[in-house]
Each structure stands twice: as structure tokens, then as C-alpha cells.
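Protein chains get the first letters and strands the later ones, always in sequence-line order, with residue 1 at the start of each. The shown structure was predicted, so the numbers you read here are calculated from the model rather than taken from an experiment.
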There are 2 protein chains.
Amino acid sequence: MSSQYTFTGQFTFSIDSKNRINIPAPLRKQFLTKDKKTFVVTRGIDQCAWIYPINEWNFIQNELKQLSSLSKTNRIFLRNHLRHANILKFDSQGRFVLPQSLIDYSAIKKDVTIIGVLNKIEIWNPNLLRKIDQSDEIDDQSYEELSERVNI
Amino acid sequence: MSSQYTFTGQFTFSIDSKNRINIPAPLRKQFLTKDKKTFVVTRGIDQCAWIYPINEWNFIQNELKQLSSLSKTNRIFLRNHLRHANILKFDSQGRFVLPQSLIDYSAIKKDVTIIGVLNKIEIWNPNLLRKIDQSDEIDDQSYEELSERVNI
DNA sequence: AAATTAACCCACTATTAACCACTTATCTTA
DNA sequence: TAAGATAAGTGGTTAATAGTGGGTTAATTT
């Protein structure tokens with residue numbers, strides 16, 4: 001089953017003195033109907049934070065539950081993926097507090113860029129995103145490979 | 001049936017003069033509704049202590065019963081996993097006393113890092129966890145193998 | 001019986017979460 | 001298009017909770 005979420009768009013907001021970040025209204029609306037304000041923030045694979053709606057996260061968890069802790073690789077993988085995951089809700093204003101560890105990891109100062117990426121939302125330091133944007137070009141070869149799998 | 005627990009997140013607490021450790025509130029809440037404060041602490045496979053809610057532990061015991069003691073590996077494995085298991089409850093403040101043998105095994109001094117790993121909770125010496133974090137990188141080959149089994 | 005350990009209780013402090021309030025932007029309707 | 005109404009983004013205050021420390025009594029152990 002593919003995801004029911006369709007997060008798109010880019011927004012630049014600010015993080016306040018209490019480490020609160022506002023979820024842009026267009027994105028937030030998708031939560032309210034389906035998940036009652038609950039979501040998961042965790043480390044992204046790149047230097048940013050990822051937000052998953054809770055039932056999207058539940059799907060991931062079920063996958064992870066298949067892994068036995070007798071395997072060393074599994075233990076490391078599980079630990080490192082789960083310990084940075086925080087289950088949160090946003091407040092009546094639609095904000096949430098970003099945990100300090102993720103602020104550090106994402107090198108977030110005053111402003112944040114929030115982008116919708118289908119089934120997840122990414123929180124970036126605007127400068128880092130800009131830098132990535134310039135250096136992480138997709139080469140022609142990779143585009144060719146993508147074209148075999150995705151038809152857009 | 002897969003586990004009903006979804007421990008996640010990382011917390012750094014301290015162990016007090018009476019060897020008491022506080023369970024972080026977000027994790028503790030999952031006990032109160034389901035297991036009435038009873039849990040099992042035992043040796044982790046890595047140099048840490050593992051906490052299982054009691055009915056999770058019961059499930060694991062059933063798994064272990066499948067292993068025949070005719071096998072030497074099984075005998076050693078069973079012995080080492082069962083003899084260090086302590087059934088405990090936490091007090092009215094949500095704390096429990098970590099047995100001295102596990103303090104020694106985990107090399108715990110003043111601070112502890114507590115992390116949620118789905119169906120169990122791990123108690124670490126912060127320095128050891130940091131060291132593991134750096135040395136135990138998962139190599140590309142292992143990631144490839146994981147990708148065959150887990151789709152996230 | 002003394003000593004150690006465990007259970008229970010109380011209390012302080014810092015952090016967090018719930019609440020309220022204001023400003024700016026967007027939308028609606030005359 | 002102007003004005004009012006609604007929603008969105010931001011900021012601060014207060015009340016509740018979480019983490020920590022310690023003391024007292026009961027239970028075990030030696």
C-alpha cells in the first residue's frame with residue numbers, strides 16, 4: 001500500500017526562543033484529518049530532520065520489528081534509527097518543539113526551511129539546503145537509471 | 001503477534017547514590033497502561049542493560065523454549081541470557097534500582113543514557129555508547145542485505 | 001541484635017506543556 | 001476595490017509535570 005500523504009511545497013519559517021517550529025498550514029491540514037496531531041521527528045539521512053505522520057511511522061516500525069537483535073548489524077541499525085525518533089504532537093497553534101539533539105544535528109539557528117516530500121516533511125537550515133542544492137546535482141547517468149523505474 | 005511496544009528516543013539521566021535510575025516519562029507511560037510497572041532487566045548482548053516489559057519478556061521466554069539444550073551453543077546462550085534476568089518494579093516516582101552486577105557489566109558511573117529500541121529499553125554508559133556509535137559503522141554490504149528484507 | 005537493603009514518603013527545582021494574546025496575512029463579500 | 005472577517009504566524013505567561021535528592025520505616029540478611 002502506498003502512502004496517503006502528498007506533502008509538497010517549500011516554506012521558510014523561524015524557530016522561536018523555546019525551540020518551537022510552526023508547521024505550515026497547507027501541510028498541517030493533512031495531519032488533522034488523519035492523525036490527530038501526532039507525528040514523529042527523527043534524523044534525516046542528509047543533514048536535516050524528517051517528520052513522519054504517525055501512521056506512516058507505524059508502517060516503518062512494523063518493518064523494523066522483523067529484525068532480530070541477535071544480529072549485530074540489526075542491533076546497530078535499530079539503535080541508531082530509533083534513538084533519534086521522537087513521538088510528538090503539535091500544540092493548539094500548530095507548533096512543536098524540535099528536540100535539541102536534532103537542532104544540533106541539522107545545524108539550525110534562527111530560520112528553517114520546511115519542505116514537503118510526499119510522505120514526509122524535511123526541516124533544513126536554509127543555508128545548508130542551498131549548499132546541497134548546488135553541489136548535489138543529479139548526473140545524466142542517474143537520471144537514465146531513474147527513468148527506468150519512475151514514469152513522470 | 002508482534003510487540004505492542006514502541007519505545008523510541010534517547011535520554012540522559014543520572015543514577016543516584018542508591019543506584020536508582022529514573023525511567024523517562026515518555027517510555028514509562030507505556031508501562032503503566034499495559035504492565036502495571038513490572039519489567040525485566042538483564043544483560044544486553046552489547047555492553048549495556050536491557051529492559052523488557054514483563055509480557056514482552058514472557059514472549060521471549062517462549063521463543064527461548066524452542067531451543068534444545070542438546071546443542072552446546074544453545075546451552076551457553078540460554079544460560080547467559082536467563083541467569084542475569086531480574087524481575088523488578090519501579091517505585092511510585094517511576095524509578096528502579098539497577099542491580100550491582102549490571103552496573104558493573106555496563107560500566108555505569110554517574111550518568112546513564114537511556115534509549116528506546118521498540119520492544120526494549122537500553123541503559124548505557126554515555127561514553128561507551130558514543131564509542132560504539134563511532135566504531136560500529138554498518139558497511140555498505142550489510143546495508144545492501146538489509147535492504148532486501150526491510151523496506152523503509 | 002546489628003547491619004544492610006528495600007519500600008515508601010515528602011520535598012525542591014527546572015523544564016515542559018497548556019493557555020492566552022497580539023500582529024500580519026489572506027480571503028470574502030459588499 | 002475597500003472593509004470586514006477569518007486564518008496564520010509569532011511571542012510570552014502560567015500551571016503542571018518530570019527529574020532529582022534525601023529521610024524514615026519495614027523487611028531481610030548475617
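For the pair A:Arg43 and A:Tyr105, the cation-pi test (distance below 6.0 Å, angle within 45°) is passed.
Residues B:Tyr52 and B:Asn58 have side chains that never bring a donor and an acceptor to within less than 3.5 angstrom of each other.
Proximity of A:Gln30 to A:Thr6: side-chain heavy atoms (C-beta onward) are separated by under 4.5 Å at one or more points. With contacts defined as side-chain heavy-atom distances shorter than 4.5 Å, the pair B:Ile114/B:Glu122 does not qualify. For the pair B:Ile23 and B:Ile51, the minimum side-chain heavy-atom distance is below 4.5 Å.
Taking atom NZ of A:Lys29 as the reference point, atom P of C:dT26 lies 13 Å away to the nearest angstrom. Here D:dA8 presents its C1' atom at 7 Å from CZ of A:Arg28, a figure rounded to the nearest Å. Distance, B:Asn86 CG to C:dA6 P: 10 Å, rounded to whole Å. Between B:Phe90 atom CZ and D:dA18 atom P there is a gap of 12 Å when expressed in whole angstrom units. Atom CG of A:Asp91 is separated from atom P of C:dA21 by 16 Å (rounded to the nearest Å).
Counting only distance, with no hydrogens or angles, the side chain of B:Asn74 and the backbone of B:Leu67 share no donor-acceptor pair below 3.5 Å. In this structure a side-chain-to-backbone donor-acceptor pair under 3.5 Å is present from B:Gln66 to B:Asn62.
For residues 11-21 of chain B, every residue pair satisfying the salt bridge (charged side-chain N to carboxylate O under 4.0 Å, His left out) rule, not counting sequence neighbours, is listed here: B:Asp16-B:Arg20.
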Original post:
What would the secondary structure line of DNA chain C be in dot-bracket form, counting Watson-Crick and G-U wobble pairs under 3.5 Å, with [ ] for pairs that cross earlier ones and | for pairs with another strand?
Top reply: ||||||||||||||||||||||||||||||
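Salt-bridge check for A:Asp91 with A:Lys37: failed, with every basic side-chain N at 4.0 Å or more from each acidic carboxylate O.
Regarding contacts with the backbone of C:dA18, every side-chain N or O of A:Lys89 stays at 4.0 angstrom or more from both OP1 and OP2.
Looking at residues two or more places apart in sequence or on another chain, you find a side chain to side chain donor-acceptor pair (under 3.5 Å) between A:Gln141 and A:Glu145.
Counting all heavy atoms, side chain and backbone alike, A:Leu88 lies closest to A:Pro99 at CD1-CD, 4.4 Å.
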**OP:** Take nucleotides 25-30 of chain D nucleotide by nucleotide from the 5' end and write B, S or -, depending on whether a protein heavy atom sits under 4.0 Å from the base, only from the sugar-phosphate, or from neither.
**Re:** ------
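Using cut-offs of 30° and 60° on the angle between ring planes, the pair B:Trp50 and B:His81 is tilted.
Near DNA chain D, meaning a heavy atom under 4.0 Å away, the residues from residues 10-22 of chain A are A:Phe13, A:Ser14, A:Asp16, A:Lys18, A:Arg20, A:Asn22. For the segment residues 92-106 of chain B, residues with any heavy atom less than 4.0 angstrom from an atom of DNA chain D are, sorted by number, B:Gln93, B:Arg95.
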**OP:** Show your reasoning for whether side chain to side chain contact (heavy atoms under 4.5 Å, CB included) applies to A:Asn86 and A:Leu102.
**Re:** CA-CA 10 Å; A:Asn86 303 79; A:Leu102 290 174; 4.2 Å; yes
